[in-house]
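A quick write-up on the structure given underneath.
Every heavy atom of this structure was used, including side-chain atoms; hydrogens, water molecules and symmetry mates were not. Just so we're on the same page: letters track the sequence lines, and every chain starts at 1.
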Number of protein chains: 2
Amino acid sequence: MTGAGTTGKRRAIQRGVGVALWRQIADDIRGGLAAGTLAGAEGRLPPEAALAERFGVNRHTVRAAIAALAHEGVLHPVHGRGTFARRQKRLVYPIGERTRFSTGLGSQARERHTDIFAGVQESASTEIAKALGLEAGSKVIRVEARGSADGVPVSRATSWFDAQRFPTIAEAYADAGSLSAALRKFGVEDYLRASTRIEARHADEADARDLRLSPGAVVIVTHAINVDMKGDPFQYSRTRFPADRVELVVESQGKTTVD
Amino acid sequence: MTGAGTTGKRRAIQRGVGVALWRQIADDIRGGLAAGTLAGAEGRLPPEAALAERFGVNRHTVRAAIAALAHEGVLHPVHGRGTFARRQKRLVYPIGERTRFSTGLGSQARERHTDIFAGVQESASTEIAKALGLEAGSKVIRVEARGSADGVPVSRATSWFDAQRFPTIAEAYADAGSLSAALRKFGVEDYLRASTRIEARHADEADARDLRLSPGAVVIVTHAINVDMKGDPFQYSRTRFPADRVELVVESQGKTTVD
DNA sequence: TCGAATTTGTGCGTATGTATG
DNA sequence: GCATACATACGCACAAATTCG
């Protein structure tokens, strides 16, 4: 198991694998910023020549990578002074019995908000019906939401609720700004996260649009089921997280909770 | 927020973004197979011409994607008959207090085994020392392991143990074939998973080699801390999972188990 | 057995994108 | 910015294996 050099795991830059070198380098730099292993104290990147040598490529190629990241808003090169990175530390999103969608990010960002898009009623697919314990084809309400931190999208959730039990959940959610508050209007005083399935994949077209991702980016997808205190499932949701802005933490119950 | 059409979320094939079309298509097909949305009953893919039209590219380009996946072992094209996909369903890897490395996959695969590479002693980095509650620079034992199911690598774990407390853990692990059994030799009768941090990223060179992945593939990385029944951490491990062969499930204690 | 349709495999010329110095 | 080399993508044509009436 060769450690890839002294600076820690650097993704190998390979030729002829279908990914342009400048994109491999851009992805690597973005990952290095998220992990905090790149960039010095004031967020300054090593000079282009140094990066070129480190990656074993021409300086032109590094410049192309930096240009792409600058276009994403991650870096700003300043003529004569160097290239600077936007403050970027991954958000930690806790997962456990007490997981709440809109909370849990606490003081990790200066500014946070959730956009909720009006829900629509539709017929439950077999998968969603099963998750909610309904008959296939039952009416459900779908609610779309997007979470941002400091102006950057960090989550994109699609949730389904039983339309009979929660007919106006979308409006209540949008009004209250919090799912917990909205649920109380329907008599759900408290609830638990029953299970969370986690997968990861490349961003598809919708992810790239909604989360402002570049092609080839990685998203973490969670499939969650929330149950009320009687143990009945009432919410099924799929949430997409940009993998370079968010990480998940599973904690055993009773342990530290971030709020 | 338009739902991405009825044909299912198809990753947009984009030109001039630094990723070759054939690689974008290969990633998309691989994802489609894992999700079960591609390939018919007998695992046969649509003909090359149809795929080319669907993706809006030349047939040569689709062929390049198929060739890459064939090289990975995911597809095998047969002259005159079509292109066939290997039976592929994602393994579900449970995460919770009772998570064990080698178990939990139960009957999901016909054949399972774990390769353990002899451990080496080294000085703990600050991160590892902190996770294990040791002084930075303390001696720790690093154990490398790889899990396979039906001959395909599905996990690649690196674990660290306090060298003072578990001097021959690697040998014991290799002999017993199970971590739980090895730990009992050191007086650890039972243990719990205290926390699991989950991130996702592109596969690096080491992942590609150890897990037989192609560049651009996605890996899920877990950082786990196990504690003994007194609550003292004794193992810190980082595990890489190929995202198209594995998904994680977080369950509340005692609750539903996936079958 | 024959032939037509389907599907993968191969060759080649050309245009564009990527990477170097 | 320029010249060079290589990878990528296209379009067209045809060969080879398989299937089916």
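- Note on ring orientation: taking the six-membered ring where Trp is involved, the planes of His202(A) and His202(B) are tilted (angle from 30° to 60°).
- Using a 4.0 Å cut-off on heavy atoms, the residues of residues 57-67 of chain B that approach DNA chain D are Val57(B), Asn58(B), His60(B), Thr61(B), listed by number.
- Trp160(A) is linked by a ring pair (Phe, Tyr, Trp, His ring centres under 6.0 Å) to Tyr236(A), counting only residues two or more places apart in sequence or in another chain.
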For a side chain to side chain contact (heavy atoms under 4.5 Å, CB included) check, start with the C-alpha distance between Leu211(A) and Arg240(A), then their side-chain angles and the critical distance, and finish with the verdict.
CA-CA 9 Å; Leu211(A) 294 171; Arg240(A) 283 82 74 200; 4.2 Å; yes
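- Between Asp28(B) and Arg23(B) there is no salt bridge, since no side-chain nitrogen of the basic residue lies less than 4.0 Å from a carboxylate oxygen of the acidic one.
- Residues Arg30(A) and Glu72(A) are paired through a salt bridge, judged by an N-O separation under 4.0 Å between the basic side chain and the carboxylate.
- With a cutoff of under 4.0 Å to any heavy atom of chain B, the contacted region of DNA chain C is bounded 5' to 3' by dT7(C) to dT18(C).
- In this structure, Arg44(B) places its CZ atom 10 Å from C1' of dT18(D), rounding to the nearest Å.
- A salt bridge is defined here as a Lys NZ or Arg NE, NH1 or NH2 lying under 4.0 Å from an Asp or Glu carboxylate O, and Glu199(B) with Arg197(B) meets this definition.
- Across the protein-nucleic acid pair, Gln14(B) atom CD and dA9(D) atom P stand 13 Å apart, rounded to whole Å.
- Between Asp27(A) and Arg201(B), none of the side-chain N atoms (NZ, or NE/NH1/NH2) sits under 4.0 Å from a carboxylate O, so this pair counts as no salt bridge.
- Using a 4.0 Å cut-off between a side-chain N of Lys or Arg and a carboxylate O of Asp or Glu, Glu127(B) and Arg238(B) qualify as a salt bridge.
- To the nearest angstrom, P of dG11(D) lies 13 Å from CD of Glu53(B).
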